[in-house]
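From a predicted model like this one, the values you see are computed outputs, not experimental measurements.
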Amino acid sequence: CNLPLNSNGLLQAEAIADALKDEPVEVIYSSPLSRALQTAETINRFHDKEIIFDDRLKEMNLGEMDGVYYPSLKNIVPEFFHAWSTAPASVRWPGGESMPELQERIWQAVSGIIAHGYVDSVVLTSHFFSLLSLLCRILALDLSNFRRINIGVASISMVEFKEGNARLVSCNDICHLDNA
């Protein structure tokens, strides 16, 4: 679903922008989907940098189940629901993609960003499953264990890439949302 941010989401985007206003941002990469795009634009008000849209940063393709209320999957596609619940890295969403495919897609995007050799911070705005799969890759965590990582809506995670290595600096920071 490509829905825009609601009023609460806009407040959260403002809080993210405020939290990052003093960071030395060199460029912003964003999924072209509405919520990520609006967040990137809000952050950019303090930086006036180029926003680069990359389709590889889009959310997982849920195929035929896009927009379906998650608990309903148990009745609509019970075999898939069971497999997704027990071994999520081994299944493909009906008409969509699998976690390994998503992880490869987002890692290709991040690898391209790293290859540019930016000196300052790069902001990346994306989506829940995309970011979880990226964090699993960074932490060398099997995708079947992605539920062991908690990232909330409008949270900030920071990763440092240095000399070919990635280091998770912070994860799921939501302090900026205290008043949002």
What is the minimum heavy-atom distance between Leu177 and Val153, and which atoms define it? CD1-O, 3.6 Å
Only counting residues at least two apart or in another chain, list the ones meeting side chain to side chain donor-acceptor pair (under 3.5 Å) with Asp66. none
List the residues meeting side chain to side chain donor-acceptor pair (under 3.5 Å) with Glu97, not counting sequence neighbours, and say none if there are none. Arg105
Would the number of heavy atoms belonging to other residues, nucleotides or ligands and lying under 6.0 Å from OH of Tyr69 be above 12? no
Does anything in residues 162-171 form a side chain to side chain donor-acceptor pair (under 3.5 Å)? List the pairs, not counting sequence neighbours. Glu160-Arg167
What closest approach, in Å, do Phe128 and Ile151 show between heavy atoms, and which atom pair accounts for it? CE1-O, 3.5 Å
Sorted by chain and residue number, the side chain to side chain donor-acceptor pair (under 3.5 Å) partners of Ser157 (sequence neighbours excluded) come out as none
Could you go through Phe53 and Leu37, starting from their C-alpha distance and side-chain angles, then the distance that decides it, and tell me whether this counts as side chain to side chain contact (heavy atoms under 4.5 Å, CB included)? CA-CA 8 Å; Phe53 304 105; Leu37 166 61; 3.0 Å; yes
Single-linkage hydrophobic cluster, 4.5 Å side-chain cutoff, Ile156 and Val25 together: yes
Hey, are the side chains of Ser130 and Met60 touching, using non-hydrogen atoms and a 4.5 Å cut-off? no
Separation of Ile51 CD1 from Ile43 CD1 (nearest 0.5 Å): 8.5 Å
Only counting residues at least two apart or in another chain, list the ones meeting side-chain contact (heavy atoms from CB on, under 4.5 Å) with Val119. Glu26
Approximate separation, where rounding is to 0.5 Å, of Leu132 CG and Phe146 CZ: 6.5 Å
Using a 4.5 Å cut-off on heavy atoms from C-beta on, say whether the side chain of His176 contacts that of Ile16. yes
Applied to residues 4-27, the ring-ring contact (aromatic ring centres under 6.0 Å, His included) test, sequence neighbours excluded, yields none
Residues that, via side-chain heavy atoms closer than 4.5 angstrom, fall in one hydrophobic cluster with Leu10: Leu5
Between Val122 and Ile114, is there a shared hydrophobic cluster once you connect ILVMFWY residues whose side-chain heavy atoms come closer than 4.5 Å? yes
Not counting sequence neighbours, which residues clear side-chain contact (heavy atoms from CB on, under 4.5 Å) with Asp55? List them please. Pro32, Lys58
Can you give the donor-acceptor pairs under 3.5 Å from side chains of residues 73-85 to other protein atoms, not counting sequence neighbours?
{"unit_1": "Ser85", "atom_1": "OG", "unit_2": "Phe81", "atom_2": "O", "d": "2.7"}

If two hydrophobic side chains count as joined below 4.5 Å and joins carry through other members, does Val169 share a cluster with Val123? yes
Got a sec, which pairs hit side chain to side chain donor-acceptor pair (under 3.5 Å) with one end in residues 39-54, sequence neighbours left out? Glu14-Arg45, Asp54-Arg56
For the hydrophobic clusters of this structure (ILVMFWY residues joined by side-chain heavy atoms under 4.5 Å, transitively), does one cluster hold both Val27 and Leu57? yes
Atom CG of Leu135 and atom CG of Asn150: how far apart are they, to the nearest 0.5 Å? 11.0 Å
Asp173 side chain to Cys175 main-chain N or O, any donor-acceptor pair under 3.5 Å? yes
Pair listing, side chain to side chain donor-acceptor pair (under 3.5 Å) test, anchored in residues 106-127, at least two apart: Tyr29-Tyr118, Ser30-Thr125, Ser31-His127, Glu104-Gln108, Trp107-Ser111
Please round to the nearest 0.5 Å and tell me the distance separating atom CG of Leu124 and atom CE of Met158. 12.5 Å
Give a yes or no answer on whether the side chain of Arg35 reaches the backbone of Asn2 with a donor-acceptor pair at less than 3.5 Å. no
Under 3.5 Å, which donor-acceptor pairs do the side chains of residues 136-145 form with other protein atoms, sequence neighbours left out?
{"unit_1": "Asp142", "atom_1": "OD1", "unit_2": "Ser144", "atom_2": "N", "d": "2.8"}
{"unit_1": "Asp142", "atom_1": "OD1", "unit_2": "Ser144", "atom_2": "OG", "d": "3.3"}

Kindly compute the distance separating CG (Leu102) from OG (Ser98), expressed to the nearest 0.5 Å. 8.0 Å
Consider only side-chain heavy atoms of I, L, V, M, F, W and Y, link residues closer than 4.5 Å, and tell whether Leu134 and Phe161 are in one cluster. yes
Minimum heavy-atom separation for Gln103 to Ser133, with atom names? NE2-O, 2.9 Å
